[in-house]
Amino acid sequence: MRRTVFSEDHEAFRDTIRDFIAAEVVPHYDEWREAGVVPRDFYRRLGALGVLGIEVPEEYGGAGQSSFKFQAVITEECARAAVSFGGAGVHTALCLPYLLAYATKEQKRRWLPPFVSGDMMTAIAMTEPGTGSDLAGMRTTAKLSEDGTHYVLNGAKTFITGGVQADRVLVCARTAPPTPEDRRGGISILVVDTASEGYAVGRKLDKLGLHTSDTAELSFTDVKVPVEDLLGEEGKAFTYLTHNLPQERLGIAFSAYAQSAAAVAFAQRYVEDRTVFGRTVASFQNTKFTLADCRSEVDAMQAVVDRALEAHDAGELTAADAASAKLFTTERAAVVIDKCLQLHGGYGYMMEYPIARLYADTRVSRIYGGTSEVMRSIIAKSMGL
């Protein structure tokens, strides 16, 4: 079936991204994986290519595109090559929506031009040790100084992707204590300069997958944050986070689909080349049926994410729709990629093969952005259950 979700502009952009990945990423990717981080200057190269500013208004140096489809193209091309752009995905897909929606004009003038160029990389810090998906249980605090000029930030965060190299971090903190009536109130977002005194990057966490995205623990000890760096209104952050979660979950769903499609392509190429007992692995009925099952799963995932992409661009993607897309694609991706790894035999377990990287990278998709269990709760609630 002909796919209609992408236009000629998207396909031209795809060609540019594919060439960039082949020239600038693939030759260095093993080295980046070993280091656990991409070179800082790589983000400036992404900025020069225009990748970081696609959705930023032209007045701040961006391309002014409102469609999420360009990010989807990047996701597909990264999956196709079994690579990633490090913390750039968090920078553009997670942090940017908050800056565009809630930053003042003065803040946009300060932050968006270096955001676009890659001179200022961002991360977002929500999760804390012991809280996980329960954001209302966060303990990090930001107390307004007596003279009202700054907040004093104290606390800790964990699992912060991009946290090692970020120049500004969107830190969620309590500016007022919770109440029995409203545990979610009193949370604010501060855009914290990582060069601030008392700001510290702890361990760079050793993850199962996603090895080129630096993920860290952060701590704040009496960090002074100017009131000018409060994002949006004080105490409204939980509403902001809820508003932006559908796009985050759409991005995860699309990545799960794209990685599954890539896994099938890798597996097909491998079994067509590999011989056992004097025959190609592809010639066995089990191989054919396994790949046929995987192909049908990928087709179903593609239909789900394409529909969700169209709904998102039209402003119609609901929280339940996004949760459904994420739940379906991430759960099915686990099955598809596992089957494709099995077709590789022992070589599928070797990290030099892209299928092994996809297997490791995909596992977290059922956890971050809200666990599969949380997605089921959202969907069930939307059903009136």
Side-chain angles (χ1 to χ4, degrees), residues 5 67-76 78-79 84 88-98 124 126-127 131-135 159-161 207-210 213 215 238-264 294 296-338 358-383 385:
V5 70
S67 174
F68 193 67
K69 292 178 182 179
F70 289 96
Q71 294 297 335
V73 168
I74 294 172
T75 298
E76 284 191 334
C78 283
S84 80
V90 167
H91 182 69
T92 55
L94 269 64
C95 296
L96 182 58
Y98 293 99
I124 185 164
M126 293 184 277
T127 305
T131 61
S133 297
D134 182 20
L135 294 179
F159 306 146
I160 310 307
T161 298
K207 307 187 298 295
L208 172 67
L210 299 176
S213 64
T215 302
F238 200 93
T239 300
Y240 300 161
L241 298 173
T242 302
H243 180 264
N244 282 300
L245 276 173
Q247 176 172 301
E248 178 180 352
R249 289 166 180 163
L250 169 61
I252 296 169
F254 205 93
S255 180
Y257 146 70
Q259 289 173 326
S260 299
V264 173
C294 290
S296 67
E297 296 262 31
V298 169
D299 284 348
M301 282 189 266
Q302 183 186 93
V304 168
V305 296
D306 283 1
R307 184 181 69 173
L309 267 178
E310 296 287 17
H312 180 270
D313 274 12
E316 298 171 355
L317 184 68
T318 68
D321 290 338
S324 179
K326 180 183 185 294
L327 177 65
F328 176 72
T329 56
T330 57
E331 292 288 334
R332 299 322 301 165
V335 174
V336 168
I337 295 173
D338 183 76
L358 290 177
Y359 184 86
D361 290 351
T362 303
R363 182 58 184 89
V364 74
S365 66
R366 288 179 279 161
I367 299 173
Y368 66 8
T371 64
S372 290
E373 292 73 21
V374 170
M375 297 304 98
R376 292 184 177 102
S377 296
I378 293 170
I379 297 163
K381 184 177 180 180
S382 75
M383 297 169 65
L385 299 174

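The figures that follow rest on heavy atoms only: side chains count, while hydrogens, waters and symmetry mates do not.
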For the [atom1] atom of [X] and the [atom2] atom of [Y], what is their distance to the nearest 0.5 Å?
{"X": "Thr329", "Y": "Leu250", "atom1": "OG1", "atom2": "CG", "value": "9.0 Å"}
{"X": "Thr330", "Y": "Met301", "atom1": "OG1", "atom2": "CE", "value": "9.5 Å"}
{"X": "Asp321", "Y": "Glu316", "atom1": "CG", "atom2": "CD", "value": "9.5 Å"}
{"X": "Leu94", "Y": "Thr161", "atom1": "CG", "atom2": "OG1", "value": "8.5 Å"}

Quick check: do [X] and [Y] have side-chain heavy atoms less than 4.5 Å from each other?
{"X": "Val364", "Y": "Leu208", "value": "no"}
{"X": "Leu327", "Y": "Ile379", "value": "yes"}
{"X": "Arg249", "Y": "Ile378", "value": "yes"}
{"X": "Val90", "Y": "Cys95", "value": "yes"}
{"X": "Leu309", "Y": "Val305", "value": "no"}
{"X": "Val304", "Y": "Phe254", "value": "no"}
{"X": "Ser213", "Y": "Lys207", "value": "yes"}
{"X": "Arg332", "Y": "Ser260", "value": "no"}

**Asked** Where the side chain of Ser324 meets the backbone of Ala320, is there a donor-acceptor pair that is under 3.5 Å apart?
**Response**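 Answer holds: no.
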
**Item:** Donor-acceptor contact present, side-chain Gln247 to main-chain Ala93, <3.5 Å
**Value:**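 Yes; at least one donor-acceptor contact below 3.5 Å.
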
If every non-hydrogen atom of [X] is compared with every non-hydrogen atom of [Y], which pair is closest and at what distance?
{"X": "Tyr368", "Y": "Lys326", "value": "O-CE, 3.1 Å"}
{"X": "Tyr98", "Y": "Tyr240", "value": "CE2-O, 3.7 Å"}
{"X": "Ala262", "Y": "Ala79", "value": "CB-O, 3.2 Å"}
{"X": "Thr92", "Y": "Gln71", "value": "OG1-OE1, 3.6 Å"}
{"X": "Pro246", "Y": "Leu317", "value": "O-CD2, 3.9 Å"}

**Request:** Please say whether more than 12 non-hydrogen atoms of neighbouring residues, nucleotides or ligands are located less than 6.0 Å from CZ in Arg376.
**Result:**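 Atom CZ in Arg376 is crowded, with more than 12 foreign heavy atoms closer than 6.0 Å.
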
**Item:** Neighbour count >12 (heavy atoms, 6.0 Å) for atom CZ, Phe70
**Value:**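 Atom CZ in Phe70 is packed in, count exceeds 12.
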
**Item:** side-chain hydrogen bond (donor to acceptor under 3.5 Å, both in side chains) partner of Gln259, the single match among Thr75, Thr362, Asp361
**Value:**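 Single pass found, and it is Thr362.
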
**Prompt:** Who pairs with Phe68 by ring-ring contact (aromatic ring centres under 6.0 Å, His included), at least two apart in sequence or on another chain?
**Reply:**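 Scan of Phe68 (ring-ring contact (aromatic ring centres under 6.0 Å, His included), adjacent residues dropped) gives His312.
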
**Item:** Worked verdict on Phe159 versus Ile367 for side chain to side chain contact (heavy atoms under 4.5 Å, CB included)
**Value:** CA-CA 12 Å; Phe159 306 146; Ile367 299 173; over 6 Å; no

